[in-house]
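Structure first, commentary second.
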Amino acid sequence: MPGLWSQIYQVVKCIPRGRVATYGQIAQLAGLPNGARQVGYALSALTDPHSVPWQRVVNVRGEISLRSNPDYADLQRKLLEAEGVVFDCKGRISMSQYQWRSGCGGVFE
DNA sequence: CTTGTGACTGTAC
DNA sequence: AGTACAGCCACAA
């Protein structure tokens with residue numbers, strides 16, 4: 001039985017390439033309807049960034065959040081652009097166009 | 001157990 | 001559009 005954080009990581013891994021998801025969305029899919037902050041905390045505590053597409057997680061406004069590491073924010077944007085995600089002049093993503101619509105195999109739908 | 005902190009979100013001004 | 005505040009949850013001290 002995986003813990004809540006493992007559940008969060010699992011959901012993040014389900015985000016398809018070229019798509020993004022919000023913290024609240026992931027929280028809900030992971031079983032934490034009000035745990036958006038916890039999702040951020042889980043990602044900040046990520047010990048294995050290599051196996052989790054954390055770059056596909058953004059806030060509900062379509063912006064990159066990263067508070068303590070603006071350095072990583074730049075990396076996140078680069079990675080997303082490499083996947084085909086386009087940022088507008090204000091550094092935001094068109095969520096209506098890129099937000100991931102859950103479809104992890106049937107359970108989440 | 002209480003307090004502070006954080007990669008969040010929604011409402012109000 | 002931006003700023004301020006208040007809920008929210010898990011973790012460290």
Side-chain angles (χ1 to χ4, degrees):
Chain A
M1 284 297 283
L4 289 176
W5 285 28
S6 302
Q7 200 79 23
I8 291 172
Y9 298 145
Q10 194 60 42
V11 174
V12 175
K13 288 177 185 173
C14 286
I15 304 174
R17 183 179 173 286
R19 291 297 182 115
V20 297
T22 68
Y23 294 92
Q25 182 180 1
I26 291 171
Q28 187 170 3
L29 291 173
L32 295 165
N34 295 21
R37 298 195 68 150
Q38 194 50 31
V39 173
Y41 192 91
L43 292 181
S44 69
L46 240 184
T47 56
D48 209 352
H50 191 276
S51 53
V52 179
W54 57 271
Q55 68 271 20
R56 296 175 188 150
V57 184
V58 296
N59 64 25
V60 74
R61 291 181 175 181
E63 293 179 322
I64 294 176
S65 294
L66 296 180
R67 289 187 163 177
S68 325
N69 294 75
D71 203 42
Y72 275 74
D74 187 63
L75 173 62
Q76 177 169 12
R77 175 165 177 165
K78 274 183 107 178
L79 290 172
L80 287 177
E81 289 180 330
E83 295 184 354
V85 177
V86 179
F87 288 75
D88 63 15
C89 55
K90 294 177 184 174
R92 298 190 304 193
I93 302 171
S94 300
M95 295 306 285
S96 55
Q97 184 178 357
Y98 292 105
Q99 185 167 28
W100 171 49
R101 308 202 172 184
S102 359
C104 242
V107 189
F108 305 112
E109 209 177 338

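All of these numbers come straight from a predicted model, not from anything done at the bench. Here is how names work: the chains are called A, B, and so on, in the same order as the sequence lines, proteins then strands, and each is numbered from 1.
From the 5' end on, the contacts that DNA chain B makes with chain A at under 4.0 Å to a non-hydrogen atom open and close at dG6(B) to dG10(B).
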Pair up each side-chain donor or acceptor in residues 30-41 of chain A with any protein partner under 3.5 Å, not counting sequence neighbours, and list the distances.
none

Under 3.5 Å, which donor-acceptor pairs do the side chains of residues 86-96 of chain A form with other protein atoms, sequence neighbours left out?
unit_1, atom_1, unit_2, atom_2, d
Asp88(A), OD1, Lys90(A), N, 2.9
Asp88(A), OD1, Gly91(A), N, 3.0
Asp88(A), OD1, Arg92(A), N, 2.7

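Every residue meeting the side-chain contact (heavy atoms from CB on, under 4.5 Å) condition with Leu79(A), not counting sequence neighbours, appears here in chain and number order: Trp54(A), Gln55(A), Leu75(A). Listed by chain and residue number, Gln25(A) satisfy the side-chain hydrogen bond (donor to acceptor under 3.5 Å, both in side chains) test with Gln99(A) (two or more places apart in sequence, or in another chain). Scanning for side-chain contact (heavy atoms from CB on, under 4.5 Å) contacts around Asp48(A) gives His50(A), Ser51(A), with sequence neighbours left out. For Arg77(A), the salt bridge (Lys or Arg N to Asp or Glu O under 4.0 Å) partners are Glu81(A), not counting sequence neighbours.
Each salt bridge (charged side-chain N to carboxylate O under 4.0 Å, His left out) pair with one or both residues in residues 51-63 of chain A, not counting sequence neighbours, appears once here: Arg56(A)-Glu83(A). For residues 55-78 of chain A, no pair satisfies ring-ring contact (aromatic ring centres under 6.0 Å, His included), with sequence neighbours left out. Judged as a salt bridge (charged side-chain N to carboxylate O under 4.0 Å, His left out), not a single pair has a partner in residues 7-31 of chain A (not counting sequence neighbours).
Rounded to whole Å, the separation between the C1' atoms of dA13(C) and dA7(B) comes to 22 Å.
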- Check the pair Val58(A) / Tyr98(A) against side-chain contact (heavy atoms from CB on, under 4.5 Å), numbers first and verdict last. CA-CA 11 Å; Val58(A) 296; Tyr98(A) 292 105; over 6 Å; no
- Query: Just by protein heavy atoms under 4.0 Å, how would nucleotides 1-13 of chain C read 5' to 3' in B, S and -?
  - Reply: S-B---BBBBS--
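Of all the residues in residues 16-24 of chain A, Thr22(A), Tyr23(A), Gly24(A) reach under 4.0 Å from DNA chain B with at least one non-hydrogen atom.
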